[in-house]
Amino acid sequence: MAVTAKAAQLDMAAPLPTAFIKLGLATYADLLLHLPLRYEDETRITPIANVLHGQLTQVQGVVTHCEVQYKPRKQLVARIADADGELSLRFLHFYGSQTKQFTLGNVIRAVGEARGGFFGLEMVHARCRVVSADAGLPESLTPVYPAAAGVSQTLLRKQIALVLAQADLSDTLPELVREQYRLMDFANSVLALHHPAPDVSLTALATRDHPAWQRIKFDELLAQQLSLRLARQTRRALGAPAIGSGSDLAERLLAALPFALTSAQQRVWQEIRSDMGQPYPMQRLLQGDVGSGKTVVAALAAAQAIGGGYQAAFMAPTEILAEQHYYKLRSWFEPLGVEVVWLTGSLPKKAKQAAMDKLLSGEARLAAGTHALFQEQVAFARLGLAVVDEQHRFGVAQRLALRQKGVQPHQLMMSATPIPRTLSMSYYADLDVSVIDELPPGRTPIVTKLVTDNRRDELVGLVRDKCQTGAQVYWVCPLIEESEKLQLQTAEDTFAALSLALPDVKVGLVHGRMRSADKAAVMTKFAAGDIDLLVATTVIEVGVDVPNASLMVIEHAERMGLAQLHQLRGRVGRGAAKSACVLLYQQPLSALARARLKIIFESADGFYIASEDLNLRGPGEFLGARQSGAPMLRFADLAEDTDLLAKAQQAAELMLKQYPAAVESHLARWLAGRQEFVKA
Ligand code: ADP
Ligand code: MG
């Protein structure tokens with residue numbers, strides 16, 4: 001497609017054709033940061049006589065022969081010759097029109113991997129084009145961009161070259177910042193990455209160590225830091241009720257607990273309490289390994305809010321977990337004269353309405369439920385605190401959305417998936433973090449065993465013995481991602497088989513497809529000891545708390561992720577009894593599955609497991625970003641760019657204080673069209 005000088009006047013803010021959306025590109029300006037995946041060297045032409053076997057090379061020659069052969073299969077074979085060599089071009093797949101390219105006498109430029117074949121040197125499926133004999137060579141390496149259907153390399157190269165020629169490439173970083181961190185300037189960085197000079201080290205470009213890449217990654221991390229910090233400032237400006245220690249409800253709750261807080265719990269409780277005394281909303285993430293006792297800390301915060309005349313809400317991602325909170329909160333708060341309301345999406349209409357009325361009138365002070373609690377139109381009279389459990393299951397966008405409802409309550413987010421430091425420095429830059437780094441006393445370490453699937457029968461015997469001593473057991477059925485129906489079937493089959501094999505054992509079944517009332521009934525029976533062996537799908541993954549359970553069997557552990565295994569295993573080892581977790585696996589193991597099982601076998605430390613998990617999977621997968629829409633970093637790699645991240649953090653602070661105009665232009669460049677970063 002010929003581009004006239006007039007058509008070349010691009011409006012950078014104009015939308016690109018819809019085919020570009022698949023590539024995350026909305027406007028012409030976005031093309032500036034659509035950077036190459038790799039490069040091809042078309043700056044040189046190698047004389048055919050010098051072409052080496054097995055090497056990617058560019059050659060040029062005149063077509064001397066072209067034919068479609070039919071044996072051993074249909075193929076197009078052409079020959080080209082230069083001053084002192086000849087080479088065959090072979091195509092096993094080709095269009096009829098392609099033969100035209102190879103009209104005798106045409107000059108062909110071909111890029112491909114040469115091989116010494118039976119008939120001499122040849123290239124299979126080389127990239128060929130017809131050129132004039134004196135056509136010049138490009139001066140820079142040829143970029144290879146992420147492309148998509150309807151958006152070809154050629155189109156991308158052409159459009160990006162136009163954008164580069166016209167876009168505003170001025171630097172958004174103040175001189176001082178560039179000097180302090182020895183950063184290359186922006187214009188030269190993007191130009192170098194789109195069209196690197198032939199003498200640039202391709203290795204440095206590939207490993208992204210090149211100063212141009214460093215600059216781009218820094219800019220990206222900086223944009224993330226700036227936007228999260230601005231979002232935080234905006235929320236802060238909204239204000240929240242300062243709930244000081246006006247009442248003694250929290251003290252009374254503390255006094256009534258059957259245990260004393262660990263010193264880690266005490267420390268984080270003080271941090272939370274002091275946040276709540278401020279006239280702006282708390283934005284705190286409470287991290288603590290499975291079983292570290294986060295719930296009670298959150299309950300103390302709720303008591304503080306209620307004592308101060310406000311309402312508190314507990315939200316959990318699943319009904320089972322929400323229900324557990326509900327029962328726990330009731331056992332703690334009802335003796336203190338505080339009613340707890342239960343609210344989930346599946347509640348009958350009438351009951352839901354009654355609960356909502358109580359929250360709207362302010363009659364109910366404490367509510368527990370699933371996110372339906374907030375996502376539907378639930379209005380509170382005086383919401384002072386919102387507790388979000390298992391925060392890691394929700395993305396940044398959702399986290400921000402929760403806060404957008406009219407009232408600005410204090411927010412306490414909890415996560416049992418310990419978030420490695422680099423991640424909390426980046427994706428959670430808008431939150432304060434408290435960490436419970438100590439387990440309550442009296443926990444016995446869980447023994448983890450790896451057992452191959454063919455020893456199942458032996459294991460069933462062990463389960464029988466365990467149950468006879470009064471212990472309780474979880475049997476977790478395999479995760480079958482392809483089919484929920486199949487998963488349910490497996491759970492039911494396992495339940496039937498174990499019930500048959502263990503006639504003296506009371507066996508129960510809980511799975512995700514059950515009605516929530518039925519699920520709750522089973523869990524209550526298990527908690528009360530009326531069920532010895534609970535067959536479960538991974539619905540019990542988070543938060544379930546039955547201290548008497550001391551053995552867990554996980555089937556097909558090789559299919560599960562590390563976080564999931566760690567969470568599951570954390571369901572045992574909560575009481576005084578010595579606990580064990582048996583990971584049943586099926587041979588042969590993939591390399592990834594082997595790596596995961598080794599990690600989970602060797603460590604019970606949630607932070608260690610999480611950072612290994614991050615190494616294995618990368619942050620996108622780790623954060624479950626694909627489901628949650630968390631903003632992804634396109635260029636920076638948190639596992640490798642820790643240094644840059646720290647620098648970007650410092651620079652963000654400085655720029656927010658001293659260079660507000662630079663902040664604005666930097667965000668405009670980096671966040672245009674990227675909805676995930678939208679401010680709260
Ligand atoms: P998680 O942090 O995984 O949410 P929970 O809050 O469910 O952990 O606590 C796990 C168990 O430990 C619960 O039974 C809880 O009552 C108990 N617990 C919490 N804090 C203490 C403590 N300081 N001493 C003894 N037991 C505690
Ligand atoms: Mg919990």
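As the structure lists them, so they are numbered: ligands from 1, and atoms in each ligand from 1.
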For this session: Mark the output for G291 as yes if a heavy-atom distance to ligand 1 is under 4.0 Å, and as no if none is.
Result: yes
Seminar exercise, completed: Atoms of ligand 1 under 4.0 Å from any heavy atom of K328, numbered from 1 in the order shown, are 13 (C), 14 (O), 15 (C), 16 (O)
Exercise. How far does CG of D453 sit from CD of Q586, to the nearest 0.5 angstrom?
Worked result: 5.0 Å
Exercise. Distance from M413 atom CE to L285 atom CG, nearest 0.5 Å?
Worked result: 6.5 Å
Seminar exercise, completed: Counting from 1 in the order shown, the ligand 1 atoms closer than 4.0 Å to a non-hydrogen atom of T295 are 4 (O), 5 (P), 6 (O), 7 (O)
Problem set entry | ligand 1 N/O within reach of G288 N/O, cut-off under 3.5 Å | no
Exercise. Is there side-chain contact between K358 and E339, with at least one heavy-atom pair below 4.5 Å?
Worked result: yes
Problem set entry | Proximal ligand 1 atoms for A260, defined as those under 4.0 Å from one of its heavy atoms | 22 (C), 23 (N), 24 (N)
Exercise. Which part of M414 is near ligand 1, with near meaning a heavy atom under 4.0 Å away: side chain, backbone, both or neither?
Worked result: neither
For this session: Can you sort out which atoms of ligand 1 are near T262, meaning under 4.0 Å from one of its heavy atoms?
Result: 23 (N)
Problem set entry | For L261, atoms of ligand 1 separated by under 4.0 Å from a heavy atom | 23 (N)
Problem set entry | Distance, nearest 0.5 Å, that separates NE2 of H556 from CE of M560 | 9.5 Å
Problem set entry | is_close_aromatic(Y326, F314), centroid dist under 6.0 Å | no
Exercise. So do S611 and F607 actually touch side chain to side chain, heavy atoms under 4.5 Å?
Worked result: no
Exercise. In ligand 1, which numbered atoms sit nearer than 4.0 Å to a non-hydrogen atom of P440?
Worked result: 20 (N), 21 (C), 22 (C), 24 (N), 25 (C), 26 (N), 27 (C)
Exercise. Is it true that P547 lies under 4.0 Å from ligand 1, counting heavy atoms only?
Worked result: no
For this session: Check whether NZ of the Lys or CZ of the Arg R382 lies under 6.0 Å from the centre of the six-membered ring of Y310 and within 45 degrees of that ring's axis.
Result: yes
Exercise. So do V553 and V476 actually touch side chain to side chain, heavy atoms under 4.5 Å?
Worked result: no
Problem set entry | Under 3.5 Å: N/O of W332 near N/O of ligand 1 | no
